[in-house]
Amino acid sequence: MADQTNTALVVRVSGQTPTLSKEAIQRPSPAANQVLVQISHVAQNPTDVQSFDGNAFGDGVVLGCDFVGKVVELGKDVTRLAIGDIIAGLIWGGETKGLGAYSQYCVADEKISFKVSKSISSEHACTVPLASATAWLALFAKDCLNLDRSRAKGTSVLVWGGSSSVGLYAIQLASFCGFDVVTTCSPKHADLVRSYGAKHVFDYKDKNVVEKIHNAVPNLKHAFDTIGTTDSSTVASRAFRAGPGNLCTVRPGKANTQDVLPGTHITDVLVWTAFLNDHSYGEFKWPASKEDHELSCELFENLPSWLENGTLKPSNPKVLSGLDAVPGGFQEYRDGQISAYKIVYRL
């Protein structure tokens, strides 16, 4: 490839306030187990905005985690993908300088990506990797809720924040595996979460929500908080009527869980354990997990067929045009306007 440029949205830090700058940077080269992807679509995730606003990775990084694009180069050990394949991939934008989805080119791990079939649009496909993998690990990883899929029948799990992107995937995956799903959301999304497999649906703002969950599911022992605020984790833990249960939060380092029901077993999910690497975020460190990597590979291997046959429905995308639209999309998240859809940028 003669031209190695790569237009990207780069975080620049000058003074107290980070900015986003569209710049030409070096095109990445795939490692042995990776492919180089020419990106056509990138989905916005809350972690993008949080990392940017909190200046989590410093100057010169590229954010963005979910993307769809065409494979244009193969690492030497790649066997499952071919040049020209359209794939959806996942990367921790910001962790490695110059690598992120808000760019023309990025790399994808061949096992933590999937081929996009013609029956699903690229806009829909790029909403899938991060949110579905987060939900999958939260439900089934040994350091999270560690639900036993062989004993799903009669076991309930509470998905707090069921209409969030992660929440919708958690409802579908838990329901598909045979668990009874209890969830909370705004009343306007009640029909949506039921259509995704929720058995019991409650208004998270209802002052009697805990009592109503107690009555519906008295033996509840498992909850996944997809929101991660102090209120959400606290109230979710109080849904355990029969005594302390297991609560997994999306917040790294189990943040915002200081007021949960005493005795509750608290875990957090970090989607990046899908990759067989050590990870750190601020003061928190996660060692490489072979179990999480293999569990994630199982998910990505199954995603094409699950999406094809309707077992899994992707999130509803709101499509914006180009990298120049990203600052506005970030603000839409900050303003709390995003509800039951995911912003996707078409490059």
When hydrophobic residues are tied together by side-chain contacts of less than 4.5 Å, even through go-betweens, does [X] share a cluster with [Y]?
X: V235; Y: V250; answer: no
X: F300; Y: L130; answer: yes
X: V217; Y: V201; answer: no
X: W160; Y: L168; answer: no
X: V193; Y: V209; answer: no

Over 60° means perpendicular and under 30° means parallel, so tell me whether [X] and [Y] are parallel, tilted or perpendicular.
X: H200; Y: F202; answer: parallel
X: W306; Y: F176; answer: perpendicular
X: W272; Y: F275; answer: parallel

* For K111, does the NZ atom sit with more than 12 other heavy atoms under 6.0 Å from it, leaving out its own atoms? -> no
Test your reading of the model: is there a side-chain donor-acceptor pair from [X] to the backbone of [Y], 3.5 Å cut-off?
X: W286; Y: T273; answer: no
X: S237; Y: L261; answer: yes
X: D203; Y: S186; answer: no
X: S51; Y: D48; answer: no
X: D77; Y: A32; answer: no
X: T226; Y: G161; answer: yes
X: E110; Y: R80; answer: yes
X: T134; Y: V166; answer: no
X: T257; Y: V260; answer: no
X: R346; Y: H41; answer: no

* Is the cationic atom of K313 (NZ for Lys, CZ for Arg) positioned less than 6.0 Å from the six-membered ring centroid of Y196 and within 45 degrees of its normal? ->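 Yes, K313 sits over the ring of Y196.
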Show the nearest heavy-atom pair for residues [X] and [Y], with the distance to one decimal.
X: D225; Y: S233; result: OD2-OG, 2.6 Å
X: F179; Y: F140; result: CE1-CE2, 3.7 Å
X: R149; Y: C177; result: CD-SG, 3.8 Å
X: L20; Y: P327; result: CD1-CG, 4.2 Å
X: L307; Y: L312; result: CD2-O, 3.4 Å
X: N6; Y: P28; result: ND2-CD, 3.8 Å

* Pair T127-Y169, side-chain donor/acceptor within less than 3.5 Å ->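 T127 vs Y169: donor-acceptor pair found between side chains.
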* Without hydrogens or angle criteria, can the side chains of Y333 and Q44 be said to hold a donor-acceptor pair below 3.5 Å? -> no
Taking side chain as C-beta onward, heavy atoms only, is [X] less than 4.5 Å from [Y]?
X: V344; Y: K318; answer: no
X: V157; Y: L145; answer: yes
X: V11; Y: D59; answer: no
X: V42; Y: L347; answer: yes
X: N219; Y: S156; answer: no
X: S103; Y: L9; answer: no

* Kindly indicate, with the supporting measurements, whether the criterion salt bridge (charged side-chain N to carboxylate O under 4.0 Å, His left out) is fulfilled by K212 and D206. => CA-CA 9 Å; K212 289 179 178 178; D206 185 339; 2.5 Å; yes
* What residues form a salt bridge (Lys or Arg N to Asp or Glu O under 4.0 Å) with D148, not counting sequence neighbours? ->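 Salt bridge (Lys or Arg N to Asp or Glu O under 4.0 Å) check on D148 returns R151.
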* Derivation of the salt bridge (charged side-chain N to carboxylate O under 4.0 Å, His left out) call for D268 and K254 -> CA-CA 5 Å; D268 58 353; K254 308 173 191 175; 5.7 Å; no
* Kindly write out the residues that satisfy side chain to side chain donor-acceptor pair (under 3.5 Å) with K153, not counting sequence neighbours, or none if the list is empty. => none
